Every structure is written in C-alpha cells, then in structure tokens.
Amino acid sequence: MEKYVIHGGTTLHGEVEISGAKNAAVAIIPAALMVDGVCVIENMPQISDTEMLLTILRELGAKIRYLNRSTVEIDCTNVWMQDAPYDLMRKIRASYYLIGAMLGRFGHAKTTMPGGCNFGVRPIDQHIKGMNALGADVDVKSGFVYADARDGKLHGARIYLDKVSVGATMNIILAATLAQGRTIIENAAREPHIVDLANFLNSMGADIRGAGTDTVKVNGVERLHGGSYAIIPDQIEAGTYMVAAAATGGEVLIKNVIPRHLECISAKLRETGTIVLENGDTVLVKGASALRKINVKTLPYPGFPTDMQPPMCALLCVANGTSVITEGVYDNRYKYVNELRKMGAEIQVDGRVAVVEGGKRLSGAPVTACDLRAGAAMVIAGMCAAGTTVVEDVRFIERGYENFVGKLNALGADIHIVDEAEETDGREKILSIMG
Ligand code: EPU
C-alpha cells in the first residue's frame, strides 16, 4: 500500500502534457471486443483502470501488446464466450461495458455487478432497460449480471433514458452497434467520451450518428473491422491541473487538450479571478493573487462536471469568501469533506449542497483518498497547506491519473510516494537493531 507525503506551500509552474481520456478508454477497450480484426489504439492512458480492462480482455482470449508507451494493439479475432473474470470485474465501474460488448458479440454476457467509487447507490437500471428494449433478458442475481439475447441476436429499438446517464448511453451504443436494425437513444448523455466511443466504433465500420447530442441513432452493422484510433485527451485530468495551478497561485501551460471540452471549467475558474488563455491545443492557467468565492453546480455535459467537484472544493477552501457547491449528479459525493476538515477546511454539507467558508490557511494532516477525484482534491489541498500532508489509499488516484506525482513534481510540487510495507519493514529493522 502506497501513500503520498506532500510538503505543502509549493506553487506550480511549467508545462504538463495531458494523457488520453480515462472514461473514453474504459469504453473503447470493451468495444474492441466486438471488432473482428486488429485495433491499434493510441493515447491509451497508463492507469490501473485501463490495465485491469486489458487484463480482462486478455483472459477472454484477446492478444494484446504495447507498440509504445501509449499505443496498444488489441486483437480480439479469437476471443470466445466465457464468463468475465469476477475478481477484476468487481473492482471497476466500467466493467459494465462488457455487458453491452459481449451481448453485441455473443448474444450472451455474464459479468459481475460493477464496482468503482462509492457515491451512494449507483444503479444500472437504465442500462438494463436499454438491453431489455434491444431484446435481451437481464437478470441480476447474487452479485452477477446475466444477459441473454432472446433469439440469439439483438434488435434495434427506440429507448428513452429516464436519467441522463453516461454509462447507459455508451452501453446501449455498444450493444446496438451489431444489432439488427436501427436503435434510437433519446435523452442521451452528451459527454465528449461518448462522441469518442462513437468515433472509434465508426472508424471500425459502425454506423452511429448524433453522438454528442441528446439523440443518438445507431444503425446496426454485420461486423466491425480492424483499424487505428487515437483517444481524446482527458477533460478531467486537464481540469485537475488547471485547478491545481489556480489553487497554488501558479502558472501552468496545459498541453494536449481540447479547450472546447474545458469551457465549463475555464468559465468557473475565470470567475475566481484566475486567468485562462486558450491557444490551439493548450490552455495557460495563471493563478490570481487572491482567489474569489464562486457558486458552482455540477450537471451532465456541457455543465460543470461532477468529477471536478472535489478538486474545485479544495480550491474554494483557499479562495476568499463563502462559496456554495451544488452536486447535481450524485446523491452522495461529499464523503471526502471530512478529510478536508482535518486540514482546517470549514465546510457545511446539507444533502447535495456544500457551503465552503473560504480564506482558511489549510494545515497538513493525515488524510485518506476516499475515491479517485477525492484523492486529487486531497493532493491539491496538501500542496496549498502549511506543513506535511499524508494521503493514504492512493490506489484510488492511480485508477485515473497517469503518473500524477511525477507530473506534479515536474511542475514544482514536493510529493514523495512512500510504500507502507517498506516503511514498516524499515521501522521493524530499526527496532530490531535497537532492540
Ligand atoms: N443512474 C441511474 N441509473 C442508471 C445509471 C445511472 O439512476 O442506470 C444515475 C447515477 O446513480 C447518477 C447519474 O445517473 O446519479 C449519472 O450516472 P452516470 O451513469 O452518468 O455515471 P456512470 O456511467 O456510472 C461515469 C463515469 C464517472 C462520472 C459519471 C458522470 C465511467 C466509468 N465513470 O459514471 O466517472 O462521474 O459518468 O459523468 O465512465 C470518475 O471518473 O471519477 C467517475 C466517477
């Protein structure tokens, strides 16, 4: 078990390169399962969620090899129908995409209920509703999901989502790609990674239109062929460095981004007094000498992303004045607030609303990364705080940020990764020498 030891009071300066988008990659890897041929995928982020999905594909019979650090070749020509490996599946949320992909390819799927970050109840009823409409029976029993196409093949259908869901939209796109006939998804989510999944599938021969709008039309095709594709840059990774630069009062050039995907984040940062300048595929963020309070509400895209809520909350702790955050996507995404309080933050939470009394000098403390984005918030708070912060459970952070510590240290942060096992070993050795 590793932890991060952060010596606070540093200001970030320099340039950082953004990796491929996690939430696109975790759908594109299962999508490769439906491809009858070899896919070469560039800009694959080196994070534990993608590694886990690649391992799952390998266990299903796929041939996988890295051509370079971020380019992976996946050949699923010879995968065969079998149960997806339970232990790996239950660790990640995105394992639910294997339901759509396996149904599409084999007409049958047995997976586990997905894992992932705990933000309260995270149902998959809209995924199931979509699969049912496409002609699959879905049964959830003892932690497993069993899905079977009633007549061995899925059939296009019109599906209205009762809730705007990224996962359900992508899962239905996956299942509908090889179905017979046309599927129309209404009230679809519009996130950039949905467009990226559709672009990936289209480049392999699928016929998907309207991704990025609230109506997605999928004309089923017989087969997908191999090809090459580059994943878009990660909107949330970029946003996290933008917030980190602003919170520490630094100046950072964030490279390999699509500024349009960042507009919701740039707009809120500008309200705090931060300067954000877009130029081509970069944004330059210059922190203000004194950050101002803001109100922010998270919403599905193009709204302010829920995944940026914890990092933004860390920034608002050091901004002047009282800010109000309203969480518009999840019921319970404030568990991390207790950790920020250990550092001296003053935050009141009532249901989906958090009131942040800013202008506090945070002080270093031992804290836990309760989930991926909460972990990023702890690191940002730790860099702003006086003294030393120790962040535990950093495996959550490593699920979604490639080389987080390396990239931050290159910008001037002072963070060390400490292996708790080695530390205990060392302590025991010292004690035994002393004893
Ligand atoms: N919901 C339902 N029923 C469903 C599906 C979703 O009620 O069948 C609800 C959820 O409980 C939630 C809301 O709808 O309240 C939105 O959930 P959504 O389905 O959009 O989220 P998700 O697919 O489970 C993905 C990302 C999350 C990100 C959300 C929102 C992946 C693997 N996960 O989750 O990413 O927060 O979309 O943008 O793509 C992260 O990266 O840190 C992360 C948590």
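Scope of the values below: all heavy atoms of this structure, side chains included, with no hydrogens, waters or symmetry mates. First listed ligand is number 1; within each ligand, the first listed atom is number 1. Just so you know, these numbers come straight off a predicted model, no measurement behind them.
Looking at Tyr66 and Thr71, their side chains never come closer than 4.5 Å, going by heavy atoms from C-beta outward.
Both the backbone and the side chain of Val166 come within 4.0 Å of ligand 1, counting heavy atoms alone. Proximity of Pro123 to ligand 1, defined as any heavy-atom pair under 4.0 Å, is shared by backbone and side chain alike. Neither the backbone nor the side chain of Arg399 has any atom closer than 4.0 Å to an atom of ligand 1 (non-hydrogen atoms only). Only the side chain of Arg373 comes within 4.0 Å of ligand 1, counting heavy atoms alone; its backbone N, CA, C and O stay farther away. At a 4.0 Å heavy-atom cut-off, ligand 1 does not touch Ile236 at all. Residue-level proximity to ligand 1 for Tyr96 is carried by the side chain, the only part with a heavy atom below 4.0 angstrom.
Heavy atoms of Ala189 come nearer than 4.0 angstrom to ligand 1 in no pair at all. The closest approach between a heavy atom of Tyr301 and any atom of ligand 1 is not below 4.0 Å. Using a non-hydrogen distance threshold of 4.0 Å, Arg333 registers as a contact of ligand 1.
Using a 30° and 60° split on the angle between ring planes, Phe404 and Tyr241 fall in the perpendicular class, above 60°.
Considering backbone and side-chain atoms alike, Leu372 places every N or O at 3.5 Å or more from each N or O of ligand 1.
Every atom of ligand 1 with a heavy atom of Gly167 under 4.0 Å away is listed here by number and element: 19 (O), 23 (O).
Each of Leu316, Leu269, Thr272 was scored for a side-chain contact (heavy atoms from CB on, under 4.5 Å) with Leu291, with one residue passing: Thr272.
Relative to atom 36 (O) of ligand 1, the option among Asp234, Asp331, Asp307 with the closest non-hydrogen atom is Asp307.
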